[in-house]
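Computed over heavy atoms, backbone and side chain alike; hydrogens, waters and symmetry mates excluded. Order of the sequence lines fixes the chain letters, A, B, ..., with proteins taken first and strands second; residue numbering starts at 1 for each chain. Small disclaimer: the values here were computed from a predicted structure and weren't measured.
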Number of protein chains: 2
Amino acid sequence: MTSRKTGEFARIERLFAPLAAGFPGALGLTDDAALLRPSDGHELVVTTDTVVAGVHYVGDEPPDLVARKLLRVNLSDLASMGAQPLAYTLNAALPSDLEDDWLEAFTRGLAADQAEFGIALAGGDSVSTPGPVTLTVTAFGEVPAGAALRRSGAKPGDVVFVSGTVGDGALGLKAQRGELPGLSQVDRDALTARYRLPRPRLDCGARLRGLAHAAIDVSDGLAADLGHIAETSGVAARLDAASVPLSDAARAALARDPALRDAVLGGGDDYELLFTVPADAVGRVEALAEALALPLTAIGAIESGQGVRILDADGTAIALATRGFTHG
Amino acid sequence: MTSRKTGEFARIERLFAPLAAGFPGALGLTDDAALLRPSDGHELVVTTDTVVAGVHYVGDEPPDLVARKLLRVNLSDLASMGAQPLAYTLNAALPSDLEDDWLEAFTRGLAADQAEFGIALAGGDSVSTPGPVTLTVTAFGEVPAGAALRRSGAKPGDVVFVSGTVGDGALGLKAQRGELPGLSQVDRDALTARYRLPRPRLDCGARLRGLAHAAIDVSDGLAADLGHIAETSGVAARLDAASVPLSDAARAALARDPALRDAVLGGGDDYELLFTVPADAVGRVEALAEALALPLTAIGAIESGQGVRILDADGTAIALATRGFTHG
């Protein structure tokens, strides 16, 4: 934290200081910078995301969930690189009329997820803005040098896997907006919870090092993110829509409205891991799924060429109305 | 850069991509995260600052200077820790009506300072905002493990030094605001240039490792930053106002209006290094000043106790009207 702060901002920094207590390299947030030292033989993995109230979240979400989602989205990026999280920095541009309660709840959310994921605040900056709350988290993790998972290693013949279930994020956003009125409250709540509080697949990502040829987290949407792997790897990909794993709530939503399939395949915010492995490693993936008690489902294949083909159960090509998330 | 971007934001990221070309760990900005590896035996130094248009800069400054100042403010924090810069990330929240020219000029400013300081863009995020331009730079440097300069090591008997000249930042802001009408255009331009484009003292900071007991960069104001050293180190400090080094332009301004002394001692944005060394190391500081062709001036001393005393040439205590910068 820089220190050109008086009054209000000194108070804010007092709120943040306990979040750095467990991390010696934060230097108590009293110095000009923080110190980070990856373990011997490791390199640092750095990812960063900015969210703006009214753009990336509605603005009336519980502030602790805003905090936790922002952290988790960054942790999910670390997971997709096979990294173990170490620490994060937070930059907060805050309107002067922001209520004290908001910031305190926000801080509680950070504290909860710090405990859950074993990370701490290493530094940051807090400034005033005449605009909306604007939050940047930069997360730091580590991987053994040279072992980071990448988007670019997929090879023809690879099998495409995804962790957990897909589509809950996009359907959860719809549920939160009241766009799934026919669905049971239980199912709507389950989907909304998934949208608001994704689970970064850190253990899975770490175990995929040396196993997966390519990996990404599902943030833009399953089809778009598979497209990122295909493009960066210089290959084509086939997505078998009927194999895509669905939660009970998503299945219930699709049963009522089959057109929601586009949201499942094209929507974003699932934060599951999408990865490719050579065909002879499928058994290792199955063993990993058992070890993690996490579904890892084969949903397609890597082929020569370019682009992503989405096939229905009978092999018919599907065109999505939307491919991926387009908020700024 | 996250990739959930279409249209406008794809264009923005094309603008940024060349800035990452020289840094392999950026992975071409096409992956979920960047890789940073400090040299063997080194640790990473991380600092971050956020600026908001209309709060931290007026808004009509040349965008290339906004970019360069934001980078340099962060590099100055690295300098004050004795670190050598490696790379940076950029998070940009941009109004949708921002002119193309603005962003292109901003990018040119980044490119110019990347070349000057040997750093590259490692990653980032660009999002839309209904509010003002909000920019976060997180800068990464490295120091030999355990050798980072800190604020906390000052000891009674230390001599306090400052690099370069002090007060140009605060007077430059006044000049830019038209508050120094009696000053010559040459002097006003010199001060404005110092305010808009500080020089991070990276070489000096690196050479102070193993020499300075404590260091900080002058961003909040000379008196306030000396206060930070005193407080963090658990000591008192004496500042000899008559010894504070002034530029010709600052001297001319003070000659016209002696009351500007408060701005010189209390204003911020100089980004010079303020540091303490044991009395027997003064000769080494003088040799360093010669080697760097950079004035390093003794301006006070560390004492037992707490707080900062500012003394006039005749030993009279001075009270400042303001101590330090208080923008958010």
Contact class of B/T138 relative to chain A, heavy atoms under 4.5 angstrom
side chain
Output the option from B/A53, B/S152, B/P132, B/A33 having the highest count of non-hydrogen pairs under 4.5 Å with chain A.
B/A33
Quick check for you: to the nearest 0.5 Å, what is the distance between A/T48 atom OG1 and B/L90 atom CG?
9.5 Å
Pair listing, ring pair (Phe, Tyr, Trp, His ring centres under 6.0 Å) test, anchored in residues 26-53 of chain A, at least two apart:
none
B/L75 CG to B/Y88 OH distance, which is reported to the nearest 0.5 Å
9.5 Å
Does any backbone or side-chain atom of B/D217 lie under 4.5 Å from a heavy atom of chain A? Answer side chain, backbone, both or neither.
both
Derivation of the salt bridge (Lys or Arg N to Asp or Glu O under 4.0 Å) call for A/D269 and A/K69:
CA-CA 10 Å; A/D269 267 324; A/K69 181 162 184 177; 3.5 Å; yes
Under 4.5 Å from any heavy atom of chain B - which part of A/A34:
both
Counting only heavy atoms not in B/D40, do more than 12 sit closer than 6.0 Å to its CG atom?
no
Winner by heavy-atom pair count (cut-off under 4.5 Å) against chain A, out of B/V46, B/V51, B/V52:
B/V46
Scored by heavy-atom pairs under 4.5 Å with chain A, the best of B/T134, B/V143, B/T136 is B/T136
